[in-house]
Every structure is written in C-alpha cells, then in structure tokens.
Amino acid sequence: MSSALSTPAPPQPAPLVNWIGLWTIMRREWSRLMRVPIQAFLAPWISASLFIFIFGFVVGSRIALIGGHRYLEFVLPGILMMNIVNAAFLQSSSQIYFSRFLRYVEETLVSPLSYVEMIAGVLAIVIARSVITAIGILIIAAAFGATSIQNFPEFLFWIVFVSMAFGLLGIVIGLWANNFEQLTILNVFLIAPLSFLGGIFNTVTMLPPFLRWIAYINPFFYFISGLRHSMIGFSEASLGLGVAVTVGLAVVMSVIVWRLYAIGYGLRE
Amino acid sequence: MHARSKAETLSTATSPCIVRQTMIPALSISHLRKVYRSGTVGVEDVSLEVAPGDFFGFLGPNGAGKSTTIHCITGIANPTSGTIEVFGVDAVKNYRDARRLIGFSPQEFNVDTFATTRDIVDWMGGYFGMRAVERRSRVDMLLERFELTTHAKKRFRELSGGLKRRVLLARALINDPKLLILDEPTAGVDVELRRDLWRYLQELNRDGKTIFLTSHYLEEVERLCKTIAIVAGGRLTRIGLKDEYVREEGGLEGAYLRATGGDREKAA
C-alpha cells in the first residue's frame, strides 16, 4: 500500500471558460456536419432554387410589383428565412438526438465542460450552417438578379438571432424526442405551417381581413418581415416589435435550455 | 469509513480507511442513493472511501448497482441523495473541478461510431482543455501504447470488439487522470490484450494513479486490486483488503458468493 500513502497534489480549479473545450465541441459538430453535406447544404439550395424559379421567376413575372419591388425580390427573404429556420432546427435537434441515441453525449457529461459551453458549442455550428445555407441561396438568387441587401448589420441580426432561437428549440426537441418520429413533429406541425402563413409569398393585405390576425400573432411574420426590410427595405410589421419578439424568444429559449442541461433532462439518468 | 456502519467489513487493522484521518481520499461516497424515474432503486445508501493510490475493485452481480454508482461519480446519472467527493472536490456542486481529476472507460460503447479513432481520443483531450501540441503527443503515445496507430484513421464502427475497448481506454487516459474509473474494461477482449492491459494498469497504479475497477472476472479483481468492495441489491455488503478476503474467507470467490447471496441460491 505504499503508493496509497503518497499525498496527491491539490487539484487546480477549472478555468472560468474552457475555450479549448468549446472549440472542440465546434470541431466535432463541424466534422459531423461535413459527413452529410448533400443533406445539409445541397438539399436546401436545390429546394430554394426551385422556389425561386417557380414562384419568384415563372409565377412572379405575372404578378404586379409589391411596394415597388418585383415579386421575386419580395419572396426571396421568405424563402431564405424558411431555409434558415429549417437548417437551425435540424442541425441542433439531430445533433442532440443522435448524441443521446449513440450515447456519445456522455463524453461531454464526464468532461469539465460547463452547460453554457456545451450549449454554445452546438449553437455556433447551428449559426455556421444557417449562414452557409443563406450565402448559397443568395448566390442562387443573384443568378436571377434578385439578391439585394440594403442593411447588412440588420440582415446579419435576423440570420443570427432567428438561427439561435430555432437552434435552441431544436435542442429542446432533441432532448425530449425518444424516436425519429418525435424529432420531426415540430417541423411538420408547427414550423412549416407557421412559415408558410408568415408571409413568404403574400402580404398581409392579400389575406381576407378576418384572417389577418393569424399573421400578427405568428412570430414568423416578424422574422420574414424583418429580413425583408434588411434586404429590400419593405416591411409590414413593426421593426421594433419584431426585434423584441426575436431577442425575447432567443433569451427565453436560452434560459429553458440552460435549465434543462442543469437538471440533466434527457441527458442524465 | 462510512461504509463501516452499513457494510460488513473484514478487518480494521490495515484497511485503507484508516488513511482517511490523515489525507484526502481519492474518492469518498457518503450515503449515495439513486432512484430512477421508473422508481427502480439503483443504489441504496452506499458509502465508501478509496485511498489515493489504491487499486479498488468494485464487485457485484448484474444489476447490483456498480454501473449506477460509477455513473453518479462521473456525472452520467444524477444522485438522488448523498455526497460524492473526488480528492475532496464535490462531484455534484463543483462538477467541473471534479471531472478534471477523473478518466472513465464505460462498459458500453458511448462513442460517435462514425468518428475515427484519432478524433475520438483527440476530442476528449480537447474537452479537458488540453492544448493542441500537448494533445497530439499524448494521443500519439496512447495510440502507440494500445497498438491503435495503424487504426488511427479508421472509423470506430469498422473496428473489432477488442480494438473498440482499447479506444475507450485510450480515451479515458487522455487527460492523465488522478482517478481512473474502469467499468468492465476487459469485457469482450482476447486473452493477450487482457494480460497486456493488466500489466499496464499495474504499471499506472505503481506510478501512483488511483484505479477504481468493476469486473465480472474475479480472477482479474483478485490479481489487480488491493481493496475490494462487494455490492448486491444496490447495497454495499463487504469491503476490505484483498488479503483479508483470502485470509478470513478462504478466497474471493467464496466471499463473493456469500456477500451476494449466490451461495444460498446454489444450495437451494
């Protein structure tokens, strides 16, 4: 037992932020993302191309100007937003679900990573995926002569904050889901309907008056309207309210996700 | 030792628990209880201490609470009540500080199966905050040590069972932990690797690393461990030095069967 009597050196406290750990989560997530480039990037680019070509170019050429803008320019921010939301949600929900399913989430649980670092690492790649998806769609739209960004900081705000909010929502679903079907429920029953009803293809005034309230209580209306404002300067919603809704959603979701990590919901036995 | 009042101990004269009065234990578990959401009691009031530098064997039949205890120590499970300290650091309240002292090789493969051997080990080093240069040399050393160098670029799912086990061991050692926790580390590996691993673990232990081992192989525990605890039905039933089991119980197998009730089942 002689070795048992050696006095261990006192443990050093963990640094305030484990930057290398955070960077490693990002590296791992990026590596995972690059295993499915067709699914992650090519699929939304092809889908966006079809939307731009059919709705924006073919159908749009027969539609009158909206607020002084071609229909193609009007629908592009909505198509962009729909793909950003999908990219953010799918990235985080699938990452968390598969890390639970294959149990490699335990690698991070047994490591000296804080919950904030674990969440931030996932979110960083969520935002990266959304930005790359957006850049691809903008390049495609440029081929149709529709790309325009009037206010770049505002454009970036919408991309980053909406990605964050839906990335966080994806984490919640990834923690909750116990099978593949549950993983897709929110996308099918909430995200897709709300994004289509949020004014991708139409203005609020095109809706019958008794249905307009649906747009006003739909957060997607504010996201799409805000992004449209940053791109072509046209907006139907209050910009201030849109910013407040988006930032508020991101903050509330951050607190919820942090709390779920802290209690180990879906993570720990 | 807290376990003393709960479990039947074999001897007090040379037990490592005496060390507690003069130094911080490598691992201290006090009244640990874990009840799962389903209502299943995984562990019921387990208390024990592991002295620094000890090679501690944790034995018990399937479902006895071995993995549950380990999961509570490493943060994979939330303890329902009780305290766990690793070198004096609370593993729940100061979990980040406690985790830095632990290396863990689990019973089941908790790995991104599409990742390569090198990435799996390297990422773990990254989670522990190791710098790239330090990580690279440590990964190279561990891959070499576990004869994984030629498999470094292979995906985990392409490896044989024995190679997968080696990857988990390399991953557990990447941060050069003070406390190495091994849950069935030789399950499914061939005799050569098992013996090689035994030699390596003994070497690590001689160098002062504390090792906490669970195994179904009594021969393995008897050969490697200095202190042995036996759990059954979520409770600690025996704890003592290996020599005491041999001297007072006629060997580990007999003691194990008596402690787990296996002898009564056999008689019935």
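Everything numeric here is computed off the predicted structure, so don't read it as measured data.
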Heavy-atom cut-off 4.5 Å, strictly under: side chain, backbone, both or neither for F55(B) against chain A? neither
If one checks every heavy atom of I263(A) against chain B at 4.5 Å, the contacting part turns out to be backbone
Would you say W45(A) has more than 12 foreign heavy atoms packed within less than 6.0 Å of its CH2? yes
Distance from N18(A) atom CG to M130(B) atom CE, nearest 0.5 Å? 12.0 Å
Using a heavy-atom cutoff of under 4.5 Å, enumerate the residues of residues 104-129 of chain A that contact chain B, numbered in order, or state 'none'. Y104(A), E106(A), E107(A), T108(A), L109(A), V110(A), S111(A), P112(A), L113(A), S114(A), Y115(A), E117(A)
List the atom of N78(B), the atom of R268(A), and the distance in Å for their closest heavy-atom pair. OD1-CD, 3.1 Å
So what's closer than 4.5 Å to chain A heavy atoms on A132(B): side chain, backbone, both or neither? neither
Contacting moiety of I76(B), where chain A heavy atoms sit under 4.5 Å: both
Side chain, backbone, both or neither of Y95(B) within contact of chain A (heavy atoms, under 4.5 Å): side chain
Can you say whether R28(A) sits under 4.5 Å from chain B via the side chain, the backbone, both, or neither, judging by heavy atoms? both
Chain A contact via R131(B) - side chain, backbone, both or neither, heavy atoms under 4.5 Å: both
Flag the pair D122(B) and R27(A) as a salt bridge only when some basic side-chain nitrogen lies within less than 4.0 angstrom of an acidic carboxylate oxygen. yes
Sort Y36(B) into side chain, backbone, both or neither according to what part of it lies under 4.5 angstrom from a heavy atom of chain A. side chain
Quick one: what part of K34(B) sits under 4.5 Å from any heavy atom of chain A, side chain, backbone, both or neither? side chain
Against chain B, work out which of T24(A), I25(A), L22(A) has the most heavy-atom pairs shorter than 4.5 Å and name it. T24(A)
Return yes when atom CD1 of I38(A) has more than 12 non-hydrogen atoms of other residues, nucleotides or ligands closer than 6.0 Å, and no otherwise. no
Counting only pairs under 3.5 Å, give me each side-chain donor-acceptor contact of residues 164-183 of chain A, with atom names and distances, residues two or more places apart or in other chains.
| residue | atom | partner | partner atom | Å |
| --- | --- | --- | --- | --- |
| N178(A) | OD1 | R100(A) | NH2 | 3.4 |
| N179(A) | OD1 | E181(A) | N | 3.1 |
| N179(A) | OD1 | Q182(A) | N | 2.8 |
| Q182(A) | OE1 | N178(A) | N | 2.5 |

Would you mind checking if R103(A) and D112(B) are paired as a salt bridge, meaning a charged N to carboxylate O distance below 4.0 Å? no
Does atom CZ (F109(B)) have a neighbourhood of more than 12 heavy atoms from anything else shown, all under 6.0 Å? yes
Counting only heavy atoms not in W23(A) (residues, nucleotides, ligands), do more than 12 fall under 6.0 Å from its CH2? no
Contact part of F104(B) toward chain A, heavy-atom cut-off under 4.5 Å: side chain, backbone, both or neither? side chain
